[in-house]
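One structure below.
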Number of protein chains: 2
Amino acid sequence: MPRVKCIKCLKEETVLRAGFIRGKQRFLCKECNYHFTIYKERDNDKPSRKNHATTIIDIAKAIGISVSTVSRALKDHPDISLQTKKAVKQVAADLNYHPNTLAQGLSKRETRTIGVIIPDIETYFFSSILTGIQNVASAAGYKVMISQSKESHETEVANTHAFMTNWVDGLLICHSKETKTFDHIKLHLKSGIPIVHFDRVCDELGTSKVLLDDLNGGFQVTDHLISQGCKRIVIVIGPPHLNVCIKRLEGYKKALKKNNMEFDPSLVCHTNLSIKSILENVDAIMKKDKSIDAIFSISDIGAIRTIVHLKKKGIKIPEQISVAGFGNEPMGEIIEPTLTSFNPQTYKIGETVAQLFLNHLIEGENHQPATKVVKGNLIVRSSTLRNPPD
Amino acid sequence: MPRVKCIKCLKEETVLRAGFIRGKQRFLCKECNYHFTIYKERDNDKPSRKNHATTIIDIAKAIGISVSTVSRALKDHPDISLQTKKAVKQVAADLNYHPNTLAQGLSKRETRTIGVIIPDIETYFFSSILTGIQNVASAAGYKVMISQSKESHETEVANTHAFMTNWVDGLLICHSKETKTFDHIKLHLKSGIPIVHFDRVCDELGTSKVLLDDLNGGFQVTDHLISQGCKRIVIVIGPPHLNVCIKRLEGYKKALKKNNMEFDPSLVCHTNLSIKSILENVDAIMKKDKSIDAIFSISDIGAIRTIVHLKKKGIKIPEQISVAGFGNEPMGEIIEPTLTSFNPQTYKIGETVAQLFLNHLIEGENHQPATKVVKGNLIVRSSTLRNPPD
DNA sequence: TTTTCTATCGCAAGCGATTGAAAACGACGT
DNA sequence: ACGTCGTTTTCAATCGCTTGCGATAGAAAA
């Protein structure tokens with residue numbers, strides 16, 4: 001017979017054991033027909049809430065008013081009298097009060113957080129876009145959450161879901177190279193959370209997007225090469241499902257046409273944008289076609305590695321082969337010869353992306369997806385300068 | 001007399017106007033002594049909750065059980081029967097349920113988010129550390145929130161507060177160059193939220209930290225230069241309050257001592273790590289002292305810009321001056337000559353930082369701050385190779 | 001059968017803040 | 001003194017989920 005007193009009638013005789021519950025002995029008082037368990041002695045002096053962040057409840061208690069008044073006072077709601085506001089703010093400051101973002105988010109159904117998914121944070125192109133995004137986002141009071149897909153479709157999908165089901169207020173995304181299907185995006189479109197694409201976008205989705213000046217960039221680089229006397233310009237592009245490749249190629253063609261040169265498909269190197277693939281393709285085409293006098297690599301890293309590669313083979317740049325890139329990575333002004341490249345204005349891109357998100361937010365329901373193209377500019381350096389101006 | 005029925009007694013005669021409230025007419029029923037306002041007709045058919053994310057309440061209703069059971073079932077709580085669990089999970093999947101992170105966080109008082117503050121995301125060193133952090137963090141189910149101080153103490157402080165008062169579960173920070181006081185960190189130490197420092201740490205705070213192999217790095221680079229026959233090695237360092245500088249300088253001295261060479265303070269260039277300052281200092285010292293035959297720049301970017309600068313002046317590298325850096329930035333293998341540098345293992349650093357955070361979390365109360373040094377390794381390239389091995 | 005046990009569930013109190021709507025309180029005119 | 005109002009506060013429901021603790025119906029034991 002357990003020596004336990006019933007919590008209600010305080011008798012001992014009537015108490016009998018009644019199984020276990022979550023590892024603890026449970027009792028039943030026959031008289032009261034009352035089940036109970038002996039839990040840990042609760043500290044009666046309630047020091048439990050020690051070192052606990054101050055809440056509006058604390059403020060309310062301190063002043064002796066209700067929490068709703070405190071809440072409104074802190075928000076400068078017009079209904080609250082000036083002196084109450086002053087008192088509340090004073091106490092809030094004294095108690096070092098900071099609103100609990102989670103609770104606010106739960107109530108207001110927003111997180112003031114935006115998720116950004118990029119292929120690779122270590123790539124200057126993306127990290128500088130990020131800076132642009134962060135600048136305008138944080139100016140608007142938004143926090144930025146970043147994740148990288150590392151060019152894997154799978155992790156991109158996982159990250160997308162993680163973000164979208166975690167109450168980000170918006171998603172800014174640049175797809176991985178691998179991504180060819182967009183179900184993971186479609187799935188979340190109807191949720192109403194703004195999604196903005198940039199750089200590697202998807203046209204079939206009705207989202208807002210920010211594009212580089214790809215066509216113009218391709219055009220300008222090619223036109224510049226031609227102006228330097230290049231006749232047989234190889235263009236190194238990536239997989240055809242990336243529309244940035246298509247666009248730059250288009251610009252290339254446009255420049256040829258403008259200069260009355262014929263487009264030779266054999267001068268187009270299709271690679272997967274990996275260094276290995278790029279160099280292999282370059283080698284192959286140069287072996288096959290000795291007339292080549294310029295290489296336009298769609299990416300700066302590609303161009304740079306190409307330069308290193310060609311130099312190793314004793315080829316003079318730009319005298320024998322001119323090389324140009326796209327992206328204006330910092331490395332471009334370090335390498336020798338310094339790299340001619342198209343500057344896509346990455347900061348501007350980031351800022352525009354974030355701005356588009358904010359627009360979507362304020363437009364709300366009647367938001368119309370917008371497409372913005374950020375103008376870039378050609379940076380001419382020595383890797384293509386055959387006729388140095390005097 | 002208003003033609004309005006009292007909401008309670010439904011009589012009209014007893015109702016009289018009673019002022020306005022927020023722009024709307026208010027009424028008072030004398031009989032009931034009840035104040036009320038006629039608000040917009042609430043849609044009775046309650047289609048209000050349209051396109052609203054499914055919650056455990058929906059699941060509970062669908063099955064006809066209580067929300068607590070659903071909650072437990074989803075968490076695989078042992079109290080719940082197998083079939084209930086299966087049913088719950090099935091319905092959850094059917095309804096495309098995703099837990100509301102905010103609500104979970106509010107209940108469990110955690111966000112499963114960790115904040116990272118770095119000086120500059122566009123710098124490879126930091127972005128690669130970030131990758132390391134993200135890898136282990138996301139493996140442990142934590143999201144990562146990033147902000148950059150852009151080397152400004154002020155924004156570092158602001159970001160710190162933003163993070164700490166926004167319920168991140170931990171803070172990983174590398175201080176800005178400007179940061180000399182740490183009140184913003186101290187302020188939050190007692191909150192109990194784990195803080196881990198890395199690279200630019202602060203000793204006076206009792207936090208866990210991850211350090212580069214600075215001393216050893218400084219030693220190895222210097223020792224290597226000496227082994228290549230350099231006698232007068234300039235070391236270019238940054239502001240003395242950055243202990244990474246001190247440490248690398250120590251390594252430098254240690255290597256000198258090991259090789260029985262005397263330390264010459266005039267060979268130490270104190271810069272603020274800006275390119276301008278570095279190049280000016282290099283110029284100055286080379287002008288003053290013609291015997292210099294090597295430059296050890298504490299940062300790769302510094303070393304790289306130095307190489308470019310010296311080459312422009314017609315100085316042969318490494319024949320006349322050897323140049324070595326620290327950091328193993330990707331640019332180092334592109335520049336000509338390729339740069340000898342100490343590889344600090346940035347990924348490893350990031351992983352270690354995150355790991356330390358996780359450790360702190362599981363150790364809880366009785367956590368003892370740890371200091372970890374991530375071993376690096378010397379990468380010898382041609383910028384220092386005077387006696388190429390055959 | 002009656003008395004114990006269990007295995008499962010449900011109730012309800014939070015978590016911290018927002019917000020619709022009622023209440024309290026003076027002040028004023030008549 | 002009463003009816004009217006405007007101003008300032010307070011009440012209480014919610015947001016979606018976790019969890020301490022109590023309830024209940026069969027199963028097992030007595």
Side-chain angles (χ1 to χ4, degrees), chain A residues 7 16-22 24-28 30 33-40 42 49 52-60 63-75 77-85 97-110 167, chain B residues 7 16-28 30 33-40 42 49 52-60 64-75 77-85 97-110 167:
Chain A
I7 297 186
L16 26 98
R17 261 172 301 196
F20 284 91
I21 179 155
R22 270 155 229 171
K24 284 165 213 151
Q25 179 66 63
R26 204 201 6 179
F27 303 94
L28 167 62
K30 285 184 62 177
N33 187 32
Y34 181 73
H35 284 270
F36 62 91
T37 321
I38 304 296
Y39 287 86
K40 59 184 175 299
R42 53 259 287 91
R49 293 170 75 79
H52 131 95
T54 81
T55 72
I56 54 173
I57 301 178
D58 300 321
I59 300 180
I63 310 187
I65 59 179
S66 76
V67 294
S68 38
T69 305
V70 174
S71 173
R72 292 194 167 100
L74 290 171
K75 294 269 150 44
H77 190 290
D79 271 10
I80 307 300
S81 72
L82 204 70
Q83 60 173 357
T84 310
K85 280 182 192 170
Y97 166 79
H98 291 283
N100 179 323
T101 324
L102 288 183
Q104 276 182 323
L106 190 56
S107 285
K108 310 227 304 223
R109 10 272 310 296
E110 65 167 23
W167 290 58
Chain B
I7 296 186
L16 25 98
R17 262 171 301 194
F20 284 89
I21 180 158
R22 272 161 226 166
K24 284 167 215 149
Q25 180 66 62
R26 204 201 5 180
F27 303 94
L28 166 62
K30 284 186 61 176
N33 188 32
Y34 180 73
H35 284 268
F36 62 90
T37 322
I38 305 296
Y39 286 85
K40 60 182 175 299
R42 52 263 282 93
R49 295 169 75 79
H52 129 93
T54 81
T55 72
I56 53 173
I57 302 179
D58 300 322
I59 300 180
I65 58 179
S66 77
V67 294
S68 39
T69 304
V70 174
S71 173
R72 292 192 170 103
L74 290 171
K75 294 268 151 46
H77 190 290
D79 268 12
I80 307 301
S81 73
L82 205 70
Q83 59 174 357
T84 309
K85 280 181 190 169
Y97 167 79
H98 291 283
N100 180 325
T101 325
L102 288 182
Q104 277 181 322
L106 190 55
S107 283
K108 308 228 304 224
R109 8 271 312 295
E110 66 168 23
W167 291 55

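Scope of the values below: all heavy atoms of this structure, side chains included, with no hydrogens, waters or symmetry mates. Small disclaimer: the values here were computed from a predicted structure and weren't measured. To find a chain, count down the sequence lines: A is the first, B the second, and so on, and within it residues start at 1.
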Here the gap from B:Thr84 atom OG1 to B:His77 atom NE2, rounded to the nearest 0.5 Å, amounts to 13.0 Å

Do the side chains of A:Leu106 and A:Leu102 get nearer than 4.5 Å, heavy atoms only?
no

Between A:Ser81 and D:dT7, is there a side-chain N or O to OP1/OP2 distance below 4.0 Å?
no

Under the rule for side chain to side chain contact (heavy atoms under 4.5 Å, CB included), what residues qualify as partners of B:Ser71, not counting sequence neighbours?
B:Ile56

Within this structure, what is the CD1-to-C1' distance between A:Ile65 and D:dT10, rounded to whole angstrom?
10 Å

For A:Trp167 and D:dC15, what is the distance between atoms CH2 and P respectively, to the nearest whole Å?
10 Å

For a quick check of understanding: with a heavy-atom distance under 4.0 Å over all strands, which category does A:Leu102 fall into, base, sugar-phosphate or nothing?
nothing

How many angstroms lie between atom CD1 of A:Ile80 and atom OG1 of A:Thr69, to the nearest 0.5 angstrom?
5.0 Å

What is the distance from CG of B:Asp58 to P of D:dC15, rounded to the nearest Å?
11 Å

Nearest 0.5 Å, please: how far is CG in A:Leu74 from NZ in A:Lys85?
10.5 Å

For the helix from C:dT1-D:dA30 to C:dT30-D:dA1, what angle lies between the axis at the first five pairs and the axis at the last five pairs, to 10 degrees?
60°

Can you list everything that forms a side chain to side chain contact (heavy atoms under 4.5 Å, CB included) with B:Ser68? Sequence neighbours excluded, please.
B:Ser66, B:Arg72

Please report the distance, rounded to the nearest Å, between CD in A:Glu110 and P in D:dC15.
16 Å

Among all residues two or more places apart in sequence or in another chain, which pass the side-chain hydrogen bond (donor to acceptor under 3.5 Å, both in side chains) test with A:Ser107?
none

What is the distance, rounded to the nearest whole Å, between atom CG of A:Asp79 and atom P of C:dT18?
15 Å

Roughly how far apart are A:Thr101 OG1 and A:Lys108 NZ, rounded to 0.5 Å?
11.0 Å

Can you tell me the distance, in whole Å, between the CG atom of A:Leu106 and the P atom of C:dC15?
14 Å

All N/O contacts under 3.5 Å from nucleotides 17-19 of chain D to the protein, with atom names and distances to one decimal?
unit_1, atom_1, unit_2, atom_2, d
D:dC17, OP1, B:Tyr97, OH, 2.6
D:dC17, OP1, B:Asn100, N, 3.3
D:dC17, OP2, B:Ile56, N, 2.7
D:dC17, O2, B:Ser107, OG, 2.6
D:dT18, OP1, B:Lys75, NZ, 2.3
D:dT18, OP1, B:Gln104, NE2, 2.9
D:dT18, OP2, B:Ser71, OG, 2.7
D:dT18, O4', B:Ser107, OG, 3.3

